[in-house]
Amino acid sequence: MSFYFNVYSAVLLFGFLQGWIYALLLWIRGQRDGRLSDYLLGWVLVALCFNIWVYMLGFGGIEILWQRLNFFPRTLSFLLPPLYYFYLRSQFDTGFRFKWQDLAHLAPFLIEATYHLTIFAGGPSFVNYWEKTFHGPWHLDDLLFAGNTTQHVIYLYWSFRLYHHYRSWVKTQFSNVEPVSFRWFRNFLIALLLLVSIDFTVTVVDLWLNLSFWQDWWNNLAGVILIYYVSIAGYAQRQPGRQLTFSDSGSANPASTPDEVRKKTPATANLDHDRIYQQVLNLMDTEKPYLNPDLSLPDLARQMKMNAPALSLAINGGSSNNFNDFVNTYRVIEFKQQALLPGNAHLSLLGIALECGFNSKATFNRAFKKLENQSPGEFVASRKLDQ
């Protein structure tokens, strides 16, 4: 049994090897760093590899799956959606660990695998009988595909919702959200959504026009592209330097607005929040903790010797801003003062911004324009004209 190399088989083979190599690298790093998310991303890659290996072997002239292993489980398609969902959860909460109730997510995969294994165990004759009598006439392959597509839609919805809640949460916890934003995972979810859409479209067209085995290759090419993207971008993703503890409670809006906070909080507690808020203002004016680019809500709470949730409520209610906007407002004010000092004329605007607690040009420009409705350069130029 030899593998026949051609344009069709070689592309799929390279993608298959790429996925397995990076899966091993992720598992090694996960073992070394004790990071569950690396283990899960490795399994995501393995699942993606098994989505293309049937066509890879077919284009390579290897018929074992259609001969001796006919009806044996061939893919991890029903395992892929829970894998990328739990990968996301483990990235946003480094303390996440599986619980017994999480096994329910394996039910579709176990049912599909048990079905195939049961029929396969009956031997080649029984498999042939079952396919001709039940599996084919009852369109069970089509039903399994519809079930898997529905599963993807559900898990993609959960994943996008979880990501959206996380992005809202980090703004209440960190003054510098870039190292913990995981924008690449948003792009990964979009890529998965595109892959599911392509797979669904090609399958519908296949049922309609009865496409050949060779025409289905383009669908597998999309899978190879996704494998390359996930392996390279996922492995290179910089991990945060601090432990993340985000947990989605399942509420529709985990990040409440200041007005909502005040409506839900008793009047006596609001008075206490006002007192805390005044303490925060005094600390920000006297000790300027906002100059630390990595300042987080827990850091500030420890400095003030209080719990982070109470401090968050006080800042949200007192400033009408989340923690990120609250701290960046001080940094913008500091920049405006420092940029107009004659002694800083030799410094670049970015250099001054970094001294004021910003960690990047993009974050600085975005925060400044949000607060001042103009760019830093426009602000400095207008003030120099006034002088």
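- Linking Ile, Leu, Val, Met, Phe, Trp and Tyr residues whenever their side-chain heavy atoms come within less than 4.5 Å leaves Leu117 and Phe134 in two separate clusters.
- Checking side-chain atoms of Ser9 against main-chain N and O of Tyr4 turns up a donor-acceptor pair under 3.5 Å.
- Side-chain contact between Leu354 and Phe335 is absent, with no heavy atoms from C-beta onward closer than 4.5 Å.
- In the hydrophobic clustering of ILVMFWY residues, with side-chain heavy atoms under 4.5 Å counting as a link, Leu36 and Ile28 come out apart.
- With hydrophobic clusters built from ILVMFWY side chains whose heavy atoms lie under 4.5 angstrom apart, Leu192 shares a cluster with Tyr228.
- A cation-pi contact links Arg74 to Trp66, judged by a cut-off of 6.0 Å to the six-membered ring centre and 45° from its axis.
- Two different hydrophobic clusters hold Val127 and Leu65 under the rule that ILVMFWY side chains link at heavy-atom gaps under 4.5 Å.
- For the ring pair (Phe, Tyr, Trp, His ring centres under 6.0 Å) criterion with Phe71, the lone passing option out of Tyr115, Phe126, Phe120 is Tyr115.
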Practice prompt. Could you walk me through whether Gln173 and Ser296 pass side-chain hydrogen bond (donor to acceptor under 3.5 Å, both in side chains), step by step?
Written response: CA-CA 6 Å; Gln173 301 293 313; Ser296 69; over 6 Å; no

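- Salt bridge status for Asp38 with Arg32: absent, with no side-chain N to carboxylate O gap under 4.0 Å.
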Practice prompt. Could you walk me through whether Gln91 and Gln237 pass side-chain hydrogen bond (donor to acceptor under 3.5 Å, both in side chains), step by step?
Written response: CA-CA 11 Å; Gln91 282 276 251; Gln237 170 68 20; 5.7 Å; no

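- Within the 4.5 Å cutoff, the side chain of Phe246 has heavy atoms near those of the Leu162 side chain.
- Between the CD atom of Gln337 and the CG atom of Leu340 there is a distance of 9.0 Å, given to the nearest 0.5 Å.
- Between the side chain of Asp141 and the main chain of Gly136, no donor-acceptor pair closer than 3.5 Å is present.
- Side-chain N or O atoms of Ser312 include none that pairs as donor or acceptor with a backbone N or O of Ala308 at under 3.5 Å.
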Worksheet item: Can you check side-chain hydrogen bond (donor to acceptor under 3.5 Å, both in side chains) on Tyr39 and Gln31, steps first, answer last?
Response: CA-CA 8 Å; Tyr39 283 111; Gln31 175 66 27; 2.6 Å; yes

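- Between Asp199 and the options Asn219, Asn220, Asn148, a side chain to side chain donor-acceptor pair (under 3.5 Å) holds for only Asn219.
- The pair Glu372-Lys336 meets the salt-bridge criterion, with a side-chain N (NZ, NE, NH1 or NH2) lying under 4.0 Å from an Asp/Glu carboxylate O.
- A donor-acceptor pair under 3.5 Å links the side-chain atoms of Ser319 to the main chain of Ile315, judged by distance alone.
- Distance check: Ile111 CD1 to His116 NE2 gives 13.5 Å after rounding to the nearest 0.5 Å.
- A donor-acceptor pair is defined here as one N or O able to donate and one able to accept, closer than 3.5 Å; such a pair exists between the side chain of His346 and the backbone of Gly343.
- Between the Ser168 side chain and the His164 main chain, a donor and an acceptor come within less than 3.5 Å of each other.
- Side-chain atoms of Thr133 do not come within 3.5 Å of backbone N or O of Trp130 as any donor-acceptor pair.
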Item to complete: Run the numbers on His152 and Tyr84 for side-chain hydrogen bond (donor to acceptor under 3.5 Å, both in side chains), then give the verdict.
Response: CA-CA 10 Å; His152 271 293; Tyr84 58 69; 3.1 Å; yes

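- Rounding to the nearest 0.5 Å gives a distance of 10.5 Å between NE2 of His105 and CD of Gln151.
- Proximity of a side-chain donor or acceptor of Arg29 to a complementary backbone N or O of Tyr235 within less than 3.5 Å is detected.
- The CZ atom of Phe96 lies 4.5 Å from the CZ atom of Arg89; values are rounded to the nearest 0.5 Å.
- A single hydrophobic cluster is not seen to contain both Phe200 and Leu80; linkage of ILVMFWY side chains at heavy-atom distances under 4.5 Å, directly or through other members, places them apart.
- Here the side chain of Arg331 pairs a donor or acceptor atom with the backbone of Ser175 at under 3.5 angstrom.
- When all heavy atoms of Tyr290 and Met284 are compared, the pair lying nearest together is CE2-O, 3.3 Å.
- Under the 3.5 Å distance criterion, the side-chain polar atoms of Glu378 are matched with a main-chain donor or acceptor of Ser375.
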Item to complete: Could you walk me through whether Phe323 and Leu295 pass side-chain contact (heavy atoms from CB on, under 4.5 Å), step by step?
Response: CA-CA 10 Å; Phe323 178 75; Leu295 180 67; 4.1 Å; yes

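- The only option from Tyr163, Tyr229, Tyr85, Tyr87 that meets the ring pair (Phe, Tyr, Trp, His ring centres under 6.0 Å) definition with Phe185 turns out to be Tyr87.
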